[in-house]
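Down below is the structure, laid out as structure tokens.
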Amino acid sequence: MSRKVYADNAATTPMSSASIKAMMECMRDSYGNPSGVHSLSQKARAIMDDARKRISACIGANPNEIFFTSNGSESDNWAIKGVAELKKDEGRHIITTSIEHHAIINSCEHLKSQGYDITYLPTDDTGLVSIESLENEIREDTILISVMMANNEVGTIQPIRELSRVARDRKILFHTDAVQTVGHIPVIVDDLGVDLLTMAGHKFGGPKGVGALYIRRGIRLPPLIHGGGQEKGMRAGPENVAAVTGMAAALEASIAEMEEEAERLTGLRDRLISGILKIPDSCLTGHPTSRLPGIASFAFQGIEGESAVLMLDYRGIQASTGSACSTGSLAASHVLDAIGVPPSLSHGSVRFSLGAVNTEEDIEAILEHMPIVVERLRSLPPLCNCGTKKK
Ligand SMILES: *Cc1c(COP(=O)(O)O)cnc(C)c1O
């Protein structure tokens with residue numbers, strides 16, 4: 001088949017034309033170093049200031065609460081390790097969830113090796129964490145709670161406002177990884193009640209290589225990179241001016257269409273879900289309703305997710321799986337594990353994540369090919385010697 005269907009938007013999005021245009025102009029005309037004195041530097045600095053203002057407006061923050069980083073992983077690392085350092089004399093206990101992105105989990109594991117205590121909240125089988133379980137885990141020495149706003153694998157959206165209220169009542173800092181929600185559903189920091197928030201440009205039509213951390217004013221995180229005075233002395237090194245302005249353009253463009261786009265994607269997603277669930281021994285993972293407009297994740301009995309993704313790719317459809325046998329481990333996705341999907345199913349996980357580029361024809365194509373792929377894989381003799389398979 002010749003049709004190309006990109007259904008991996010949760011991994012990264014194609015850049016929006018507004019973003020490409022903003023970057024091209026900036027790279028061509030505004031290459032000055034923002035730290036300098038002459039007019040080209042002033043021009044670059046003005047672009048930085050403007051982008052910071054526009055991005056902060058998009059999430060209801062002040063410009064001086066936005067710190068640019070190079071991606072979501074960097075922002076997550078800074079938030080977790082920065083608060084740990086800032087508060088180390090008040091306590092060394094951090095609460096997060098068992099379904100966070102590895103940028104959070106591995107930052108926490110690093111802190112664990114430095115003597116911090118980490119509690120990973122469990123979720124129910126839809127991927128929701130409960131307010132009660134959070135309340136039960138808070139201790140005298142809890143310094144930070146970090147809960148992702150929406151999960152990148154199964155799409156479940158957490159009740160952040162209610163969770164952050166628990167933190168606020170006890171004067172504990174609250175961070176949310178909002179990489180999957182910014183630009184897709186409303187994200188207003190004061191409504192959410194968060195102190196720190198992570199975003200990444202390439203998840204909403206911006207370029208790779210740029211992200212941001214929102215740090216509520218008054219919170220004095222230690223610098224991420226020591227050196228010159230960039231980002232108010234918090235992250236030294238010349239700013240990625242073009243990427244920053246590309247991120248601002250992308251965010252404004254996606255927010256301008258957010259409501260209609262969310263409705264459109266929800267329609268496509270729900271059609272995809274009902275079509276895919278006609279395949280025998282398949283199930284939807286994540287929450288039935290509190291989920292991102294664009295994400296539909298499934299698990300299929302008796303197939304290997306990675307093989308399905310490769311076969312789909314051969315048929316022009318790009319999707320992804322949570323279970324990667326090629327990494328040499330039998331472990332399925334930690335997220336599917338945490339929400340209680342049994343290994344026999346979670347090894348056959350396939351995520352379709354829809355975005356601006358997708359149309360009804362794309363859904364038709366997926367629904368045409370996926371049953372064939374599943375059937376072919378099921379007709380093969382049992383494989384999955386994952387542990388020994390060579391790449
Ligand atoms: C993609 C993603 C990240 C990491 O962001 P990068 O910009 O790819 O480093 C973190 N958290 C979530 C929920 C994500 O989807």
Side-chain angles (χ1 to χ4, degrees), residues 3-31 34 44 47-59 66-76 101 103 149-150 152 155 177-187 197-214 238-262 264-265 268-269 292-295 313 316-320 351-359 361-362:
R3 185 178 190 85
K4 287 284 173 205
V5 177
Y6 183 72
D8 200 15
N9 289 274
T12 196
T13 52
M15 282 181 67
S16 62
S17 46
S19 182
I20 293 172
K21 180 164 175 283
M23 283 189 79
M24 299 276 274
E25 285 172 9
C26 180
M27 289 188 287
R28 191 183 53 221
D29 304 328
S30 311
Y31 47 82
I47 291 175
M48 286 297 297
D49 291 346
D50 176 61
R52 202 183 306 276
K53 211 157 80 191
R54 290 155 62 203
I55 289 170
S56 64
C58 286
I59 62 164
I66 299 293
F67 293 84
F68 292 112
T69 63
S70 61
N71 49 49
S73 299
E74 186 177 312
S75 298
D76 279 347
H101 190 275
M149 190 169 168
N152 46 303
D177 174 342
V179 171
Q180 288 293 337
T181 53
V182 170
H184 301 284
I185 60 174
V187 174
L197 180 142
T198 292
M199 65 169 96
H202 71 111
K203 301 287 177 93
F204 50 76
K208 290 168 194 60
V210 66
L213 181 64
Y214 158 80
E239 298 88 340
N240 192 349
V241 185
V244 162
T245 193
M247 173 164 152
L251 186 53
E252 282 184 341
S254 49
I255 285 185
E257 293 171 4
M258 185 164 65
E259 221 173 296
E260 305 91 275
E261 184 63 359
R264 188 184 76 88
L265 289 179
L268 294 181
R269 180 202 71 191
L292 288 168
I295 292 190
D313 187 34
I317 297 167
Q318 277 100 45
S320 69
R351 176 190 71 186
F352 298 100
S353 47
L354 310 173
V357 290
N358 296 115
T359 61
E361 289 74 32
D362 290 355

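FYI, the numbering just counts along the sequence from 1.
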Distance col, row E261:CD vs I255:CD1, nearest 0.5 angstrom, shows 13.0 Å
Which salt bridge (charged side-chain N to carboxylate O under 4.0 Å, His left out) pairs, counting each pair once, include a residue from residues 17-27, with sequence neighbours left out? K21-E25
Rounded to the nearest 0.5 Å, what separation is found between the CG atom of N152 and the OG1 atom of T181? 11.0 Å
Is there a donor-acceptor pair closer than 3.5 Å between any side-chain N or O of R269 and the backbone N or O of L292? yes
Do Q180 and K203 have side-chain heavy atoms sitting under 4.5 Å apart? yes
Are any non-hydrogen side-chain atoms of E259 and P186 less than 4.5 angstrom apart? no
Please enumerate all residues that pass side-chain contact (heavy atoms from CB on, under 4.5 Å) together with P14, with sequence neighbours excluded. Y6, N9, V357
Minimum heavy-atom distance between F204 and G183, given as atom pair plus value: CB-CA, 4.4 Å
How long is the span from the CE atom in M15 to the NE2 atom in H202, to the nearest 0.5 Å? 12.0 Å
CE (M24) with more than 12 external heavy atoms under 6.0 Å: no
Work out which heavy atom in T13 is nearest to a heavy atom in G206; give both atom names and the distance. OG1-N, 4.4 Å
Report the distance from atom CG of D313 to atom NZ of K4, rounding to the nearest 0.5 Å. 6.5 Å
Is D49 salt-bridged to K53, going by a charged N under 4.0 Å from an acidic O? no
Of all the heavy-atom pairs spanning A44 and V241, show the shortest one and how long it is. O-CG1, 3.9 Å
Side-chain heavy-atom pair I59, M199 within 4.5 angstrom cut-off: yes
Does any part of the side chain of M48, heavy atoms only, come nearer than 4.5 Å to the side chain of V244, both counted from C-beta? yes
Any R351 side-chain heavy atom under 4.5 Å of D8 side chain: yes
Give the minimum heavy-atom separation between S19 and G205, together with the two atoms involved. CB-O, 3.4 Å
Does any non-hydrogen side-chain atom of F352 lie less than 4.5 Å from one of V5? no
With rounding to the nearest 0.5 Å, note down the distance linking CG in L197 to CG in D76. 9.5 Å
Scan residues 204-213 for pairs that pass salt bridge (charged side-chain N to carboxylate O under 4.0 Å, His left out), counting only residues two or more places apart or in two chains. none
Measuring from L213:CG to F67:CZ, what's the distance to the nearest 0.5 Å? 8.0 Å
Set of residues satisfying side chain to side chain donor-acceptor pair (under 3.5 Å) with respect to S75, sequence neighbours excluded: T69
Minimal non-hydrogen separation, T198 against G72, with atom names: CG2-O, 3.5 Å
Using every non-hydrogen atom in the two residues, find where G155 and A150 come nearest and quote the distance to one decimal. O-CB, 4.4 Å
For A243, all residues meeting side-chain contact (heavy atoms from CB on, under 4.5 Å), sequence neighbours excluded: M23, P207, V210, N240
Test of understanding: with salt bridge (Lys or Arg N to Asp or Glu O under 4.0 Å), list the residues that count as partners of R52, not counting sequence neighbours. E231
Does any part of the side chain of R54, heavy atoms only, come nearer than 4.5 Å to the side chain of T245, both counted from C-beta? yes
Any side-chain heavy-atom pair from H101 and V179 closer than 4.5 angstrom? no
